Amino acid sequence: MQLTDTEKAMRDGDGGEAVAAAMDLLIRYGTALGAERLVETDNVAGAFNASTPSVRKIAENGMAEVFSRLNLDSDKTVEIPQMRARTCQLITGIDDQNWALQGADPQMVEMQRDSEAFVGQRGVNLMATCTPYQVGNVPTFGEHCAWMESSAVIYCNGALGGRTNVEGKESTGAAALTGRIPYWGYHLSENRYGNRHIRVDVPVRSMLDWGLLGYFTGEMVEENIPVLEGDMSGVDLVKLKHFGAAAASSGGVEMYHIPGHTPEARTVDEAFGPNRADDVHVYDATARKKMYDTLQSAEDRKVDFIMLGCPHNSIEQLARIAHLLDGKRLHPDVALWVHTPRAIRTVAERSGYVARIEAAGGKVMSDTCPAISRRLPPGVRVIATDSAKQAHYLPAIAKVQGWFGSLEACIEAGLTGTWTGDF
Amino acid sequence: METLTTPLLIRGRCVVAGRAEGEALVTTQTISGWGGINERDGSIIERRHELVGQSFAGKILVFPGAKGSSGWSAFFHMTRINGVAPAAMLFTRMTTKMALGAVVTRVPSMTDFDHDVFDSIRTGDWVSVDAEAGEIRVTRRGDSTS
């Protein structure tokens with residue numbers, strides 16, 4: 001792999017041992033990919049904190065060892081300097097305020113706080129969300145990024161026209177300290193054109209519609225780049241967030257085009273560029289129904305947990321939930337958790353939404369989600385969610401039954417204790 | 001049933017250098033890291049995976065590549081720390097998840113083969129890998145009937 005003089009100096013120790021270890025990892029990683037060179041990045045979103053029992057033993061030796069081993073793949077514990085690139089922490093395992101409700105071990109809470117103090121001191125912005133783009137990290141068109149989190153990666157590439165591959169814990173650590181990432185995959189213009197065609201024949205309007213279309217898209221194209229054409233409207237941040245998270249769950253979609261709505265292609269021709277897609281996948285009423293059925297993994301209609309906020313909810317979504325719960329009370333056998341970034345929670349508190357949701361018996365959670373933390377209220381057997389991604393993952397992870405439906409159907413189940421959602 | 005007297009030679013591209021030999025564990029299905037494996041014993045836990053319940057610890061893992069969460073590398077990284085990593089990884093689909101995972105698992109890894117490895121290697125075959133030389137040697141083992 002070709003290195004610039006600056007990169008060679010980093011490799012040879014000019015920036016200290018941690019930067020040298022980071023560059024060594026990037027060289028090994030770039031060589032494995034077959035990348036020709038690295039590219040500069042000033043936007044890293046990764047996983048740097050320690051919040052799980054598996055990390056405990058390493059954390060006993062200090063947070064520098066956690067970063068060295070798990071974020072740099074270094075056998076030697078090196079002193080960790082300030083991050084060179086703008087860097088944020090993605091979703092974590094423990095809600096810093098509602099950890100007791102989660103049933104988290106106080107020692108794990110303390111470990112997470114220690115690790116956050118360590119990386120915060122070194123310039124990691126503790127956004128603690130799967131949606132950094134909702135709380136101030138909005139990549140500009142063409143910006144080279146190094147992001148983890150499949151739902152964030154597809155949002156960065158598809159909705160914003162930023163450029164990132166799906167990075168991991170070690171490559172984001174190395175990118176944060178060097179401001180470099182392999183120039184491969186979605187960093188190159190020629191790899192961003194569409195190569196699968198989806199024709200949308202039924203109207204796509206509501207959140208439910210966008211989730212189902214996303215789930216269909218992932219099923220059809222796997223890891224390819226779909227170009228969607230047809231009857232779609234009401235496109236906004238929240239719907240593209242939901243669509244992308246679903247497509248990245250059922251397939252491995254990391255990039256897409258909806259000409260007229262997403263920034264990288266104004267027309268279908270522009271979206272395909274030099275590529276051709278001979279087969280057209282048609283999304284019609286039958287396909288929509290099939291996706292809806294696929295996402296149901298429950299038989300028991302007696303619901304005991306409503307999970308909202310995957311990916312983390314926006315302020316408008318919290319306002320809507322508060323409105324639907326106004327003057328009502330959850331069924332005594334049902335818990336309702338809504339997940340939102342901590343920064344948005346602060347706005348929601350000030351706007352009165354948190355109080356209104358809690359007055360009905362719900363809880364507003366931040367920093368984490370049940371799929372990441374593997375923590376649900378005790379005794380949960382049947383969940384309901386408005387998230388295709390959560391309906392895809394949580395039943396398998398937590399060994400529960402899962403219903404998927406609209407936000408309104410989920411709230412209704414929360415109030416009555418019974419799933420009556422229908423297609 | 002075919003019995004090979006001399007090992008079959010397959011050539012490919014080195015992803016992570018090193019040599020290893022062992023029994024093959026072959027699947028045509030991609031593997032998830034987070035939510036797909038138990039990093040403490042190296043077993044596949046994804047319910048609908050054809051290898052569910054089987055461990056890749058010490059095996060030559062032959063598979064298309066990685067799928068799922070960006071936690072892929074971190075989970076395979078933990079299999080190395082826990083001593084239950086595969087002995088080598090032979091895969092056909094290059095992605096960032098796969099490349100980074102192979103690098104931090106630090107086992108000999110190869111891709112871009114001159115044979116269809118899913119036709120040429122069966123679970124239970126004895127496989128020796130010299131990644132730097134870009135060579136794999138496959139010896140068919142006994143009564144493999146797959």
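Keep in mind the model is a prediction, meaning the values are calculated, not measured.
Under the side-chain contact (heavy atoms from CB on, under 4.5 Å) criterion, A:R375 pairs with A:I94, A:Q102, A:A104, A:S373, not counting sequence neighbours.
Under the 4.5 Å side-chain criterion, counting only non-hydrogen atoms from C-beta, A:F48 is in contact with A:T87. When side chains are defined from C-beta on, B:M98 counts as touching B:F63, because their heavy atoms get closer than 4.5 Å.
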Report task. Could you walk me through whether A:E167 and A:Y29 pass the side-chain hydrogen bond (donor to acceptor under 3.5 Å, both in side chains) test, one step at a time? Result -> CA-CA 11 Å; A:E167 294 300 340; A:Y29 172 39; 2.7 Å; yes
Requested in this report: Dump the intermediate steps for side-chain hydrogen bond (donor to acceptor under 3.5 Å, both in side chains) on B:E50 and B:T27, then the final yes or no.
Outcome: CA-CA 7 Å; B:E50 66 183 9; B:T27 176; 2.6 Å; yes
Requested in this report: Please step through side-chain hydrogen bond (donor to acceptor under 3.5 Å, both in side chains) for the pair B:R137 and B:T6, ending with a clear verdict.
Outcome: CA-CA 9 Å; B:R137 285 181 173 77; B:T6 52; over 6 Å; no
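Contact of A:R374 with chain B is made through the side chain alone, with heavy-atom distances under 4.5 Å. At a 4.5 Å heavy-atom cutoff, the contact between B:R106 and chain A is made by side-chain atoms alone. With a threshold of 4.5 angstrom between heavy atoms, B:M94 approaches chain A through its backbone and through its side chain. Interface residue A:W184: only side-chain heavy atoms are found under 4.5 Å from chain B. For chain A, no part of B:A131 is nearby; none of its heavy atoms comes within less than 4.5 Å. In this structure, chain A has heavy atoms under 4.5 Å from both the backbone and the side chain of B:A74. When heavy atoms are compared at a cutoff of 4.5 Å, A:I397 approaches chain B solely by way of its side chain, counted from C-beta outward.
Note: A:A371 leads A:A47, A:G185, A:A371, A:G30 in heavy-atom pairs under 4.5 Å with chain B. The residue among A:A248, A:S171, A:G252, A:S150 with the most heavy atom pairs within less than 4.5 Å of chain B is A:S171. Contact tally against chain B (heavy-atom pairs below 4.5 Å) for A:L90, A:V166, A:T31: the top residue is A:V166. Counting heavy-atom pairs closer than 4.5 Å to chain A, the top-ranked of the candidates B:V15, B:T111, B:V104, B:N82 is B:V104. By number of non-hydrogen pairs under 4.5 angstrom with chain B, the leading residue of A:K169, A:E254, A:E223 is A:E223. The candidate from B:I81, B:V16, B:I45 with the greatest count of non-hydrogen atom pairs under 4.5 Å with chain A is B:I81.
Ring orientation note: the planes of A:H187 and A:H144 are tilted relative to one another, at an angle of 30° to 60°.
The two residues A:V153 and A:W147 make their nearest non-hydrogen contact at CG2-O, 3.5 Å.
When each of B:K59, B:R140, B:R141 is paired with B:D125, the salt bridge (Lys or Arg N to Asp or Glu O under 4.0 Å) condition holds for B:R140 and for no other.
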